[in-house]
Amino acid sequence: TGSPAGLTLAAGLCRPMGTLVLKSTCAAGKEFNAAPFVIDELKVVGSRCGPIDQALELLNLKEEDGCQASDRSLRVEKYITQTFPLAQADEAIRCAAEKSTMKVQIICSAP
């Protein structure tokens with residue numbers, strides 16, 4: 001939510017030695033209590049935000065203006081370790097937990 005209350009709630013939902021992923025910026029201010037993070041040894045990972053319209057444009061670039069798609073498009077496939085259908089989400093989560101996994105993709109649309 002971007003609020004300190006959301007950060008506190010998320011930390012409370014993590015199991016000890018769990019990972020909390022921050023997607024939005026949260027100004028913790030003077031009232032920030034680091035104790036739950038230290039006591040439960042939580043790992044905090046930031047996920048950088050950016051202009052979604054520009055990101056989608058990069059992902060959707062096709063051959064145009066005489067340029068090959070490989071010259072202009074953003075190739076993200078190399079970062080995806082494995083792709084799963086939504087029906088196999090439990091298997092996808094197990095795969096994502098493996099140290100050798102970079103990214104797991106779950107396809108939510110019908111085949």
Side-chain angles (χ1 to χ4, degrees):
T1 65
S3 73
L7 179 60
T8 301
L9 176 63
L13 293 172
C14 281
R15 64 177 177 239
M17 299 186 76
T19 301
L20 191 147
V21 179
L22 294 177
K23 179 58 183 143
S24 59
T25 305
C26 172
K30 296 179 184 177
E31 301 297 320
F32 178 70
N33 179 9
F37 296 90
V38 176
I39 293 167
D40 289 337
E41 299 181 35
L42 299 179
K43 180 165 88 172
V44 179
V45 178
S47 178
R48 187 174 176 336
C49 301
I52 190 69
D53 55 336
Q54 292 176 12
L56 292 174
E57 185 179 326
L58 280 171
L59 290 171
N60 288 318
L61 280 176
K62 306 289 183 222
E63 288 184 32
E64 54 188 48
D65 302 327
C67 293
Q68 294 293 323
S70 61
D71 295 337
R72 299 184 59 210
S73 62
L74 184 62
R75 296 181 312 229
V76 297
E77 293 82 10
K78 64 183 176 181
Y79 301 111
I80 300 171
T81 303
Q82 197 164 347
T83 300
F84 296 89
L86 183 58
Q88 295 177 355
D90 55 340
E91 187 178 342
I93 291 169
R94 283 193 294 276
C95 179
E98 296 176 13
K99 289 186 184 244
S100 61
T101 299
M102 183 174 280
K103 294 285 182 184
V104 169
Q105 180 181 40
I106 299 177
I107 304 296
C108 297
S109 60

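Just so you know, residue 1 is the first one in the sequence shown, and it goes up from there.
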With rounding to the nearest 0.5 Å, note down the distance linking CG in Leu9 to SG in Cys14. 10.0 Å
Give a yes or no on whether Leu7 and Val44 share a hydrophobic cluster (residues Ile, Leu, Val, Met, Phe, Trp, Tyr; joining criterion: side-chain heavy atoms under 4.5 Å apart). yes
Residues forming a side-chain hydrogen bond (donor to acceptor under 3.5 Å, both in side chains) with Thr83, sequence neighbours excluded: Gln105
Using side chain to side chain contact (heavy atoms under 4.5 Å, CB included) as the criterion, list what pairs up with Ala35, not counting sequence neighbours. Asn33, Ile39
Straight-line distance of Gln88 CD to Ile106 CD1, nearest 0.5 Å: 10.0 Å
Using the test side chain to side chain contact (heavy atoms under 4.5 Å, CB included), find all partners of Glu98 that sit at least two apart in sequence or belong to another chain. Ser100, Thr101
Lys43 side, atom NZ; Thr19 side, atom OG1 - distance, nearest 0.5 Å: 4.5 Å
For a quick test of reading the model, state the closest non-hydrogen atom pair linking Ala92 to Val104 and the distance between them. CB-CG1, 3.7 Å
